Amino acid sequence: VKATHQYIKLKAVDIVKGIVEVFNGYGHINLKKITGTWNIIRNNTIIAQGDFGTLDIEPGQWRTYQLPYDLSSEDKDGEYFLNTSFTLGEDTIWANEGYEIAATQLQIPIGGRSKKSRIKVDKSMNVTKNQDGVIATNDIFTCEFSFEQGTFTKLEYEGKDILCDKDFKQVFDLQVY
């Protein structure tokens, strides 16, 4: 939800070569007092980082930035992402300097998935529907949905019960208003 309501947007122009555009979605505020930082991660390790410099962008305008990286010759396997964070550059009456007001993560289309995470899987799912619910399975995943309970009753990945995993379970415990 936070990303939907943020007024600073990022768009990839040529993300492999570090060219992005930043949009000021505010109606009356220039972004001069906002600090923008970025980093590149490969398999959760930061390989480059920096800042945007002065964000002098008028309301409703885009500005192109050339970030000082070029991954066009990068040939290492892995997943690459550009993370950006935009924070208040000074204290305001509603938040302190450093408060994050916008953040974006964009995947950089190079390298492919890490070899460590590659798993050969029979991608087809065997789906069975009966009066009680639906069961879907393949080599590494099993999912059961109960019509009576209106929810998943079983989720297993590589033999691990992820429905009872407290970190994963938070997805299902979200309150909808």
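Just so you know, these numbers come straight off a predicted model, no measurement behind them.
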Min side-chain heavy-atom separation [X]-[Y] under 4.5 Å:
X	Y	result
Thr35	Phe86	no
Phe52	Ile57	no
Asn138	Ser124	no
Asn96	Leu88	no
Tyr7	Ile34	no
Thr37	Thr84	no
Leu10	Leu106	yes
Asn43	Tyr80	no

Please check if any side-chain donor atom of [X] sits under 3.5 Å from a side-chain acceptor atom of [Y], or the reverse.
X	Y	result
Gln61	Asn24	no
Thr54	Asp56	no
Thr87	Glu100	no

Which atom pair, heavy atoms only, marks the closest approach of [X] to [Y]?
X	Y	value
Asp70	Ser72	OD1-OG, 2.7 Å
Gly27	Pro59	O-CB, 3.5 Å
Ala102	Gln6	CA-OE1, 3.1 Å
Cys143	Leu155	SG-CD2, 3.7 Å

Enclosure of Asn44 CG (heavy-atom neighbours >12, cutoff 6.0 Å): no
How long is the straight-line distance from [atom2] of [Y] back to [atom1] of [X], given to the nearest 0.5 Å?
X	Y	atom1	atom2	result
Phe81	Gln107	CZ	CD	4.0 Å
Asp14	Glu21	CG	CD	11.5 Å
Ile140	Glu158	CD1	CD	5.5 Å
Gln149	Glu144	CD	CD	10.5 Å
Ile40	Ile108	CD1	CD1	3.5 Å
Ile47	Ile41	CD1	CD1	9.5 Å

message: Quick check against the 3.5 Å criterion: does Gln66 have a side-chain atom that pairs as donor or acceptor with the backbone of Lys17?
response: yes
Taking a hydrophobic cluster as the set of Ile, Leu, Val, Met, Phe, Trp and Tyr residues connected by side-chain heavy atoms closer than 4.5 Å, whether directly or through intermediates, do [X] and [Y] fall within one such cluster?
X	Y	answer
Val22	Val16	yes
Val13	Leu55	no
Leu71	Ile46	no

message: I'd like to know whether Thr128 forms a side chain to side chain contact (heavy atoms under 4.5 Å, CB included) with Val134, so could you lay out the CA-CA distance, the side-chain angles of the two residues, the decisive distance to 0.1 Å, and finally the verdict.
response: CA-CA 6 Å; Thr128 307; Val134 177; over 6 Å; no
field: Pair Ile135-Phe145, side chain to side chain contact (heavy atoms under 4.5 Å, CB included): steps then yes or no
entry: CA-CA 6 Å; Ile135 301 170; Phe145 184 86; over 6 Å; no
- request: Decide yes or no on side chain to side chain contact (heavy atoms under 4.5 Å, CB included) for Asn130 and Phe147, but give the supporting numbers first.
  value: CA-CA 10 Å; Asn130 59 36; Phe147 292 145; 5.7 Å; no
Partner residues of Phe23 under the ring pair (Phe, Tyr, Trp, His ring centres under 6.0 Å) criterion, sequence neighbours left out: Trp62
query: Do the rings of Trp38 and Tyr69 sit parallel, tilted or perpendicular, given the 30° and 60° boundaries?
result: tilted
task: For ring-ring contact (aromatic ring centres under 6.0 Å, His included), just list the numbers for Phe141 and Tyr157, CA-CA rounded to whole Å, side-chain angles, deciding distance to a tenth of an Å, and then say yes or no.
output: CA-CA 5 Å; Phe141 183 75; Tyr157 179 74; 7.0 Å; no
